[in-house]
Amino acid sequence: MFQVKDLSFNYPKNKEDTLRNLSFSIQDGEIFGLLGPSGVGKSTTQKVMTKLLPKFRGEILFRNQDLRAYGREFYQEIGVGFEMPVHFSKLTALENLAFFKKLYRKNADTDYLLERVGLIKDKNKKVAEFSKGMKVRLNFVRALLNNPQVLFLDEPTMGLDPKNSRIIKDIIKEFREKGGTVLLTTHLMNDVEELCDRVAFLANGAIAEIDTPKNLKLKYGARTLEVEYAENDEMLTTSFDLDTFGKDPEFLDIVQNKTVITIHSSETSLDDIFIKITGVETDE
Ligand code: ADP
């Protein structure tokens, strides 16, 4: 769907490039996650790929054609849900959607989408009266208004409670099941785990890793077995290599001679991997 080659980008007033030689491709029908600490260039990448920042260096192919060669018809194919919801606050939700619908040839069923995100009863309310979470959901509906083939989503569940976040994630998954392609940024590693087929980690404006979440876990993962046991009224914990613990004399001694309290295998989380690759905590 997209092939990005040696993409670099510089904001005119900045000395250094914000994006440096990014190369990656996004396959038709996959959810591709763009991850990395705040300020690393995720939104900038999305803006370049949606033709909002045309002065990039390198090459981007969309359906094997130079992105620069596309005109306004490009926007018929893509849906964009960026982080800051922009709506006309004096208009109702429905009036906002009607306005944006006019920009497109194809239209989705607005009532169906509003029903799905739990806004149907609020459709005639002015957006000024909406809570932040309601605006985020309306923004998500807006991204789907033209029945796009590709969705660009920047932190789509930001500010949503678990129930609404679940709804949005389900719709994203259904979008992929129907053949849609998604480029997603999020700092929530649980969302990544659930949604992303592949992820690219950005660090210092460049790509540090691209792979499936599963392969990254295998690569960065420490496969360990944690054993908690009691000895002389003391609680002790020891960890063993998950691949060799069965022959480890210390492990055998514990299970045969001590009182085991808990045993569990521990898998490296994507949060740990995020920190290892980018050197930054995920909530920074
Ligand atoms: P992220 O989405 O990963 O948080 P951004 O793409 O928003 O990161 O920002 C990347 C870098 O580019 C940051 O250092 C930010 O300050 C800078 N930047 C973003 N927008 C502009 C702009 N309009 N002009 C100059 N610098 C910008």
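Ligands are counted one by one from 1 in listed order, and the atoms in each one are counted from 1 as well.
Relative to the ring axis of Phe62, Arg68 does not place its NZ or CZ within 45° and under 6.0 Å from the centre.
For Val117 against Phe140, the heavy-atom pair with the smallest separation is CG1-CD2, 4.4 Å. The two residues Gln65 and Ala69 have their closest heavy-atom pair at OE1-CB, 3.8 Å. Between Cys196 and Val199, the shortest heavy-atom distance links the atoms CB-CG1, 3.7 Å. Taking all atoms of both residues into account, the shortest heavy-atom contact from Ser25 to Phe32 is O-CE1, 3.8 Å.
Contacts between Thr185 and ligand 1 below 4.0 angstrom, taking non-hydrogen atoms only, are absent altogether. Within the 4.0 Å heavy-atom criterion, both parts of Val40, backbone and side chain, lie near ligand 1.
Using modelled atom types and a 3.5 Å distance limit, the side chains of Asp17 and Ser8 yield no donor-acceptor pair.
With hydrogens left out, the protein atom closest to atom 26 (N) of ligand 1 is Asn14 ND2, 3.2 Å, a heavy atom. Of the protein's non-hydrogen atoms, Tyr11 CE2, 3.7 Å is the one closest to atom 23 (N) of ligand 1. Here the protein heavy atom with the shortest distance to atom 8 (O) of ligand 1 is Gly41 N, 3.2 Å. The protein heavy-atom contact nearest to atom 7 (O) of ligand 1 is Ser43 CB, 3.7 Å. Ranking protein heavy atoms by distance to atom 9 (O) of ligand 1, first place goes to Thr44 OG1, 3.8 Å. Here the protein heavy atom with the shortest distance to atom 15 (C) of ligand 1 is Gly39 O, 4.9 Å.
Against a heavy-atom cut-off of under 4.0 Å, Ser38 is close to the following atoms of ligand 1: 4 (O). Ligand-side atoms of ligand 1 in range of Pro37: 3 (O), range being under 4.0 angstrom from any heavy atom. Those atoms of ligand 1 with a heavy atom of Thr18 less than 4.0 angstrom away are 10 (C), 11 (C), 12 (O).
Checking Glu234, Glu228, Glu231 one by one against Lys258, the salt bridge (Lys or Arg N to Asp or Glu O under 4.0 Å) holds for a single residue, Glu231.
Not a single heavy atom of Gly205 sits closer than 4.0 Å to an atom of ligand 1. Residue contact check for ligand 1: Gly36 places no non-hydrogen atom closer than 4.0 Å to it.
Ring-plane geometry between Tyr70 and Phe74 is classed as tilted, the angle between the planes lying from 30 to 60 degrees on a 0 to 90 degree scale.
A side-chain donor-acceptor contact under 3.5 Å links Asp161 to the backbone of Asn164.
By the definition of a contact as any protein heavy atom under 4.0 Å away, atom 19 (C) of ligand 1 is in contact.
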